[in-house]
Each structure stands twice: as C-alpha cells, then as structure tokens.
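Reviewing the structure listed below.
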Amino acid sequence: MSSTMDRGTKPHRANFTPWFMKKHGNLCAKAKYEAKVPPYYYIPQSCDCLVLREQWIRAKYEREEFVATRVCQDPCSAGSREGFLWKRGRESRQFQKRRFLLSAREGVMKYYTKESRGPKAIISIETLNAMFQTEKIQHAHGLQITYNTDGQTRNLFVYHESGKEIVDWFNAIRAARYHYLRTTFPAVPEPELIPRITRNYVKEGYMEKTGPKQKEAFKVRWFCLDSQERNLMYFKNPLDAFAQGQVFIGKMHEGYEVRAGLPQGVRVKKRKPAITVVTPMREFVFICENDREQREWIDALNGVIAQPLTG
C-alpha cells in the first residue's frame, strides 16, 4: 500500500509543518504564507507559549490568513471585537463568564457582568496591555490584561476554551493598540512603534521584602518588573487585582542603583542572597531564593536603569 506522501496528499495535521517545510523550503513558504502579515499581528518566538506558536502555524498553513490574495483588515476594524471570556473574580477568585467589547474606533475596551446593565469597567486603549500568562493563571490559554486606573495598575486574568479565540482576542487588542499609537504618534517610525503595542514583564517571581525602617519582618511577595512603565510592582499573591506597592526605577544619574547584598548595618537571619535597590528617597531591600534569582533580578533591574526615559 502506498503511503500518504506517495499519494500526494497532505500528511496528518501533527506532521504537516515538517513535511511542508521540507517540500517547499523556508523562504518559499515565508514568501507565500506570510505575504500579508499585518504589522500588529504578533509573530511568536520559540520561547513563547504553545497556544501562540500553534495558532501562528494554523493561521499560516491551515487557514492561509496571510497569503497575498487575502484582503487585510485595517487596524481599526481588526481592533474591534465582542464576545465572552472567562474572567477571574477580584473577590470570589472564581472564573466567571463575562462579555467583553473592544472598540478601536472608540478607543476603549469594556466588560460586563451578569448583574450590571452598564459596563463594569471602561478601559482606555491608551494604557491597555495584554500578555499570555499560562503558568501563572494555570490554564493553557491564560491571558493577563492590564490597564491604569486612578494611578494604579489593574490586572484582569482571563481565558477561553478555544486557543484560536484567545489568540484572536490578543491580536485584536494589539490591532487596537497599533491604531491608537499610529494615530497618536504619526511621526514615530514603525520599528519603534511595534515594540510598544504590547509587552511582557521583564521578570516576575517571588522575593522577600522588609519595610522602610529595614527592621520590620521580611514578607514573601510576588514581584513584576515592567520596563516600559519603569515600575517594580509587588503583590501579596500573583493573581491579585492590584499591587500592594511599587518602586519607580529611574536612571543612574538620577540616583537609582541596584546592588548585590544588604545595606551597611542591616542584618538578617536568613542566609540567602539579597538585593538593595537605591532610589533618591530610600533603599529597598529584597531577599532572593537563590544566587541565580539574585543575578537575574540584578540584570533585569540594571537593564531598566540603563534604558532611556521616554515620554
């Protein structure tokens, strides 16, 4: 009996990509199947989560969304979407089905609860961000949405049963953000604009922190470093809606610095590596779980300190 390959038909879906690349070659495939990738569409890297990588392959080869004959939606149209997502409750901590509405034209994202007639929240696309957080949310399609409200960062944790649906939501948010940035900053070159559409945190994880007197008991907190906002936020739990506090990370010539170890005169009982973040107002002391974590946090913080300030 002849094999599937001998009959000239496509192989099983799981083996499709290796077969296709071998048959047509990377460059030919890219020219045909990536002819019209919109500038806002997120092209995943090898380090990205499975659902992003899988849906990118399916969008290219199965659905042929980016071939030259396809008509591309403009960012304003692509940045409009309505549907249901499972959202984690701020108080109940249970995931409940909520209706979301995204409108690039209006510059807002809204979501509704069953009880409310009007929107529970109206979110400006100006501060909207989205990142996949499959491990933190403990769902293969978990997405974290953040925005600014009253000077604080608000976290929404959502997912959808369909991998295609959650990735479509992610790219719709990116389209809306791209439309906002392109119309607000028309003179900014595309290579500078694209990285600002959405962003992941530079680093996240547990550290222990003490109070301003540096004599208070150390408490375990979840930290997130946002390089674009230059903020080191800390939470009691990783899935909290709001941070307990945050540390602005400025530039070195403004008096910001990160040091390995404890400040002079500070003693702790635990024999674990420490970090001191120096700011013009005070010194923040954090204890890391191990040497590797200490090095990663120092490198991440130094990266933010070294980057130029943006308006």
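All heavy atoms count here, side chains included; hydrogens, waters and symmetry mates do not.
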Is any NZ, NE, NH1 or NH2 atom of the basic residue among [X] and [Y] found under 4.0 Å from an Asp or Glu carboxylate oxygen of the other?
{"X": "K60", "Y": "E34", "result": "yes"}
{"X": "E82", "Y": "R99", "result": "yes"}
{"X": "R230", "Y": "D226", "result": "no"}
{"X": "R182", "Y": "E190", "result": "yes"}
{"X": "K272", "Y": "E289", "result": "yes"}
{"X": "K136", "Y": "E204", "result": "yes"}

Testing the basics here: between [X] and [Y], what is the closest heavy-atom pair and its distance to 0.1 Å?
{"X": "D291", "Y": "P273", "result": "OD1-CG, 3.5 Å"}
{"X": "S227", "Y": "V202", "result": "CB-CG2, 3.3 Å"}
{"X": "Y33", "Y": "V67", "result": "CD2-CG1, 4.1 Å"}
{"X": "A104", "Y": "P75", "result": "CB-O, 4.3 Å"}
{"X": "L52", "Y": "P44", "result": "O-CG, 3.5 Å"}
{"X": "L102", "Y": "A176", "result": "CD1-CB, 4.1 Å"}

Less than 4.5 Å apart, side chain to side chain, heavy atoms only: is that true for [X] and [Y]?
{"X": "Y112", "Y": "K110", "value": "yes"}
{"X": "I305", "Y": "I249", "value": "yes"}
{"X": "K209", "Y": "Y234", "value": "yes"}
{"X": "W297", "Y": "M207", "value": "yes"}
{"X": "W169", "Y": "V158", "value": "no"}
{"X": "Q144", "Y": "L156", "value": "no"}
{"X": "Q73", "Y": "P38", "value": "no"}
{"X": "L85", "Y": "I166", "value": "yes"}

Determine yes or no for a side-chain-to-main-chain donor-acceptor pair under 3.5 angstrom, with [X] supplying the side chain and [Y] the backbone.
{"X": "K97", "Y": "W86", "answer": "no"}
{"X": "N290", "Y": "E293", "answer": "yes"}
{"X": "R88", "Y": "L239", "answer": "yes"}
{"X": "T127", "Y": "N148", "answer": "yes"}
{"X": "D74", "Y": "S77", "answer": "yes"}

Which other residues belong to the hydrophobic cluster containing Y206, where Ile, Leu, Val, Met, Phe, Trp and Tyr are joined when side-chain heavy atoms lie under 4.5 Å apart, directly or via other members?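 Members other than Y206 - counting any ILVMFWY side chain reachable under 4.5 Å - are M131, Y201, V220, W222, M233, F235.
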
Residues F84, F100; criterion side-chain contact (heavy atoms from CB on, under 4.5 Å); working and verdict: CA-CA 6 Å; F84 288 90; F100 281 77; over 6 Å; no

Evaluate the ring planes of F170 and F132, with Trp represented by its six-membered ring, and classify them as parallel (under 30°), tilted (30 to 60°) or perpendicular (over 60°).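 Perpendicular, since the angle between the ring planes exceeds 60°.
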
Tell me which pairs pass salt bridge (charged side-chain N to carboxylate O under 4.0 Å, His left out) where either residue lies in residues 233-246, with sequence neighbours left out.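 As it turns out, there is no salt bridge (charged side-chain N to carboxylate O under 4.0 Å, His left out) pair with a partner in residues 233-246 once direct neighbours are skipped.
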
CD/E161: more than 12 non-hydrogen atoms of other groups inside 6.0 Å: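 Enclosed: over 12 neighbouring heavy atoms sit under 6.0 Å from CD of E161.
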
So, [X] and [Y]: side-chain donor and acceptor under 3.5 Å apart, yes or no?
{"X": "N155", "Y": "Y147", "answer": "no"}
{"X": "Q133", "Y": "Y159", "answer": "no"}
{"X": "R221", "Y": "Q244", "answer": "yes"}

Cluster link [X] to [Y], ILVMFWY, side chain under 4.5 Å:
{"X": "F95", "Y": "Y111", "value": "no"}
{"X": "Y256", "Y": "V304", "value": "no"}
{"X": "V108", "Y": "L128", "value": "no"}
{"X": "I137", "Y": "V51", "value": "no"}
{"X": "M109", "Y": "I122", "value": "no"}

Residues which pass side chain to side chain contact (heavy atoms under 4.5 Å, CB included) with E135, listed by chain and number, not counting sequence neighbours: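 For E135 there are no side chain to side chain contact (heavy atoms under 4.5 Å, CB included) partners, ignoring immediate neighbours.
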
Rounded distance (nearest 0.5 Å) linking atom [atom1] of [X] with atom [atom2] of [Y]:
{"X": "L301", "Y": "E257", "atom1": "CG", "atom2": "CD", "answer": "12.0 Å"}
{"X": "S80", "Y": "E106", "atom1": "OG", "atom2": "CD", "answer": "8.5 Å"}
{"X": "N200", "Y": "Q228", "atom1": "CG", "atom2": "CD", "answer": "11.5 Å"}
{"X": "E229", "Y": "T146", "atom1": "CD", "atom2": "OG1", "answer": "8.5 Å"}
{"X": "T184", "Y": "I125", "atom1": "OG1", "atom2": "CD1", "answer": "10.0 Å"}
{"X": "E54", "Y": "D48", "atom1": "CD", "atom2": "CG", "answer": "13.5 Å"}

Between E296 and K203, does a salt bridge (charged side-chain N to carboxylate O under 4.0 Å, His left out) hold up when you go through it step by step? CA-CA 8 Å; E296 289 181 3; K203 183 167 173 59; 2.8 Å; yes

Does the pair D168 and R81 meet the rule for a side-chain contact (heavy atoms from CB on, under 4.5 Å), with working shown? CA-CA 9 Å; D168 284 350; R81 191 173 186 84; 3.5 Å; yes

Could you list the residues that satisfy ring pair (Phe, Tyr, Trp, His ring centres under 6.0 Å) with H141, not counting sequence neighbours?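 Ring pair (Phe, Tyr, Trp, His ring centres under 6.0 Å) list for H141, sorted by chain: H139.
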
Tell me which donor-acceptor pairs under 3.5 Å the side chains of residues 276-288 have, and how far apart each pair is, sequence neighbours excluded?
residue, atom, partner, partner atom, Å
T276, OG1, G261, O, 2.7
T279, OG1, M281, N, 3.3
T279, OG1, R282, N, 3.1
T279, OG1, R282, O, 2.8

Show the numbers, then the answer: is there a side chain to side chain donor-acceptor pair (under 3.5 Å) between Q152 and R154? CA-CA 6 Å; Q152 289 185 289; R154 171 74 160 100; over 6 Å; no

Is there a side-chain contact (heavy atoms from CB on, under 4.5 Å) between I275 and R259? Walk through the geometry before answering. CA-CA 6 Å; I275 292 173; R259 302 169 182 164; over 6 Å; no

So, using side-chain hydrogen bond (donor to acceptor under 3.5 Å, both in side chains) as the criterion, who are the partners of Q55 when residues are at least two apart?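 Testing Q55 for side-chain hydrogen bond (donor to acceptor under 3.5 Å, both in side chains), a comparison that skips the adjacent residues, returns R63.
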
Could you walk me through whether F242 and R90 satisfy the side-chain contact (heavy atoms from CB on, under 4.5 Å) test, starting with their C-alpha distance in whole Å, then the side-chain angles of each, then the deciding distance to 0.1 Å, before giving a yes or no? CA-CA 9 Å; F242 289 99; R90 178 181 170 184; 3.6 Å; yes

Begin with the C-alpha distance, continue with both residues' side-chain angles, and end with the deciding distance and a verdict on ring-ring contact (aromatic ring centres under 6.0 Å, His included) for W56 and F66. CA-CA 10 Å; W56 166 240; F66 314 120; 5.6 Å; yes

